[in-house]
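These notes concern the structure reproduced below.
Everything quoted here is computed from the prediction, not taken from an experiment. All ligand and atom numbering here is 1-based and tracks the order in the structure.
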Amino acid sequence: MTTAEPPLEAEEESAVETARRQLERAATHLDVDEGIVERLRHPRDVYRVTIPLERDDGSREMFTGYRAHHDSVRGPYKGGLRYHPGVSEDECVGLSMWMTWKCAVMDLPFGGAKGGVVVDPKDLSDEETERLTRRFAEELRPVIGPMKDIPAPDMGTGPQTMAWFMDAYSMQEGETEPGVVTGKPPVIGGSYGREKAPGRSVGIVTREAINYYDWDPAETTVAVQGFGSVGANAARYLDDIGATIVAVSDVEGAIYDPDGLDTTDVEDHDETPGMVSGYDAPRSLTNDELLELDVDVLIPAAVGNVLTGENAREVEADLIVEGANGPTTSTADRIFEERGIPVLPDILANAGGVTVSYFEWLQDINRRAWPLERVHEELETEMLQAWDAVREEYDARDVTWRDATYIVALSRIAAAHEARGLWP
Ligand code: NAD
């Protein structure tokens, strides 16, 4: 057994282990210099900073922040900043590697980064969050910038966090630098369509997969776990193209209507928390039951590690499209492979977010906003190009969709390393 194949009952992997395993699996299909693969197993740098915060009561508290830079051979580092008590150096490194693959599969001129602060944002007032964010921006200022590393929102952060971050950076640089972060409010250089983009790309990839398998969208049933930003936008997109969304859920439970739910009538998690499971539908289900429904397409779009060795044999969907990051454990992945259930991976399906972040960066550099229609058109083009590249690898080799996606990413990264060479 190679390191690329964990035993079936292996303990679940960390993000770094998953990223390394996917790298090694892809490398077995390509003629890539072992030195390049070895380089990609490691981050280029990880910055650890201490952020002093004055609390509202006048006391001082220290918080730890990280920024991991994985690889920048294709362009500046790009990736989110999360505020969460579980943030760790290892998690940032693993997720920075995922961002390298995600940007490469989308052919964006970026490399991978990830960072965050070990904090529960619910414990901070708005004023404290602002002070923490401004000081974090200042601590990271030497290693970020529009041409170096461009953070974005992630768990526990949002457009307002990015606005404070951008303002702090700009004040210190002496000029307004909207391109230092993406995911800002449009009034200060954010892009229209950014927030809905990950869900929209999940919809586009699902639509292409439905066409690939020669299904009729009007005959296709879909269950979506997690009716939040990603899930609700994916469900509504697929509803619009004629698919029947039979089940959606929030953290409290799922609703089910075999004739199809009206996805515009169900309010999403952001609109009113708890409204999904409280909606008047023919049947209520648990989240576990939703995952095991006999549907054509299952879209896990809530949290990671929901499809596991425990439930993968009970899944009855014919196709899985990953809306969330990492919803399928490696054990479940192998079971789906054995059972012939295709899984379209997160780094392709939800990559609309980083793609519209790229559009935002272009708009900021050019100081010219794009109308929403242009964002939608360009996102469609980028998603189709990525889909075509992955489909070609999938058709040409005896591999899973996930492997095909990583093969596309690694071949682009390796070619860039080959072309640039090693310094000195
Ligand atoms: P969100 O908070 O808007 O929505 C999450 C939804 O999942 C909510 O309906 C919530 O009630 C539900 N949920 C939470 N925990 C659950 C659980 N244990 N079981 C079932 N349902 C649960 O979040 P989001 O932005 O839509 O993100 C969802 C996933 O997509 C995450 O994995 C995130 O990392 C990933 N993602 C988000 C973006 C983005 O820009 N929003 C981009 C790429 C990937």
Side-chain angles (χ1 to χ4, degrees), residues 15 78-84 86-87 91 94-95 98-99 101-103 105-106 114 116 121-122 151-159 161-162 181-184 190-191 193-203 205 223-237 247-255 263 266-279 284-292 298-308 311 321-329 344-358 360 379 383:
K78 186 89 193 79
L81 286 179
R82 52 177 59 175
Y83 289 179
H84 191 274
V87 166
E91 182 189 68
L95 295 176
W98 288 21
M99 285 305 298
W101 319 142
K102 195 182 270 196
C103 293
V105 81
M106 292 309 303
K114 201 70 154 200
K122 291 197 286 296
D154 201 279
M155 279 161 66
T157 57
T161 332
M162 294 303 112
V181 285
T182 57
K184 301 176 295 294
S191 181
R194 167 66 183 82
E195 289 196 55
K196 293 187 174 176
R200 194 174 177 87
S201 69
V202 171
V205 167
V224 181
Q225 185 191 42
F227 201 66
S229 169
V230 176
N233 287 304
R236 288 172 183 160
Y237 183 92
V248 301
S249 73
D250 63 16
V251 67
E252 283 152 39
I255 50 172
T263 55
V266 184
E267 287 180 84
D268 73 32
H269 183 74
D270 263 359
E271 286 154 0
T272 318
M275 274 309 281
V276 179
S277 41
Y279 187 80
S284 301
L285 304 173
T286 63
N287 264 293
D288 289 345
E289 287 169 331
L290 177 145
L291 296 174
E292 295 170 13
L298 172 64
I299 303 181
V303 287
N305 296 332
V306 294
L307 297 169
T308 66
N311 63 7
V321 182
E322 295 185 330
N325 284 324
T328 313
T329 67
L344 286 160
D346 44 12
I347 61 163
L348 172 66
N350 69 30
V354 70
T355 304
V356 175
S357 273
Y358 166 57
E360 180 172 331
L379 178 61
M383 292 310 303

Exercise. Do any nitrogen or oxygen atoms of K102 lie less than 3.5 angstrom from nitrogen or oxygen atoms of ligand 1?
Worked result: no
Exercise. Is the number of heavy atoms from other residues, nucleotides or ligands within 6.0 Å of CD (E91) greater than 12?
Worked result: yes
Exercise. Within less than 4.0 angstrom of ligand 1, does G323 place any heavy atom?
Worked result: yes
Exercise. Cut-off 3.5 Å, side chains only: do R194 and S357 have a donor facing an acceptor?
Worked result: yes
For this session: Please identify which atoms of ligand 1 are closer than 4.0 Å to at least one heavy atom of A301.
Result: 28 (C), 29 (C)
Exercise. Counting heavy atoms only, which part of E252 comes closer than 4.0 Å to ligand 1: side chain, backbone, both or neither?
Worked result: neither
Exercise. Any sub-3.5 Å donor-acceptor pair from S284's side-chain atoms to I255's backbone N or O?
Worked result: no
Exercise. Any N or O on N325 sitting closer than 3.5 Å to an N or O of ligand 1?
Worked result: yes
For this session: For P198, take its heavy atoms, then give the atoms of ligand 1 lying under 4.0 Å from any of them.
Result: 38 (C), 39 (C), 40 (O), 42 (C)
Exercise. Where on N287 is there a heavy atom closer than 4.0 Å to ligand 1, on the side chain, on the backbone, on both, or on neither?
Worked result: side chain
Exercise. With respect to atom 11 (O) of ligand 1, which of V354, D288, V202, V251 exhibits the smallest heavy-atom separation?
Worked result: V251
Exercise. Quick one: which of E195, M162, K184, R82 gives a side chain to side chain contact (heavy atoms under 4.5 Å, CB included) with P153?
Worked result: M162
Seminar exercise, completed: Numbered in order shown, the ligand 1 atoms found under 4.0 Å of a heavy atom of A324 are 29 (C), 30 (O), 32 (O), 35 (C)
Problem set entry | Polar side chain donor-acceptor pair, T328 to E322, under 3.5 angstrom | yes
Exercise. Is the backbone N or O of D250 less than 3.5 Å from a side-chain atom of N287, with the two atoms forming a donor-acceptor pair by type?
Worked result: yes
For this session: Could you verify whether a donor N or O on one side chain and an acceptor N or O on the other, from N311 and D288, lie under 3.5 Å apart?
Result: no
Problem set entry | Sub-4.0 Å heavy-atom approach of G353 to ligand 1 | no
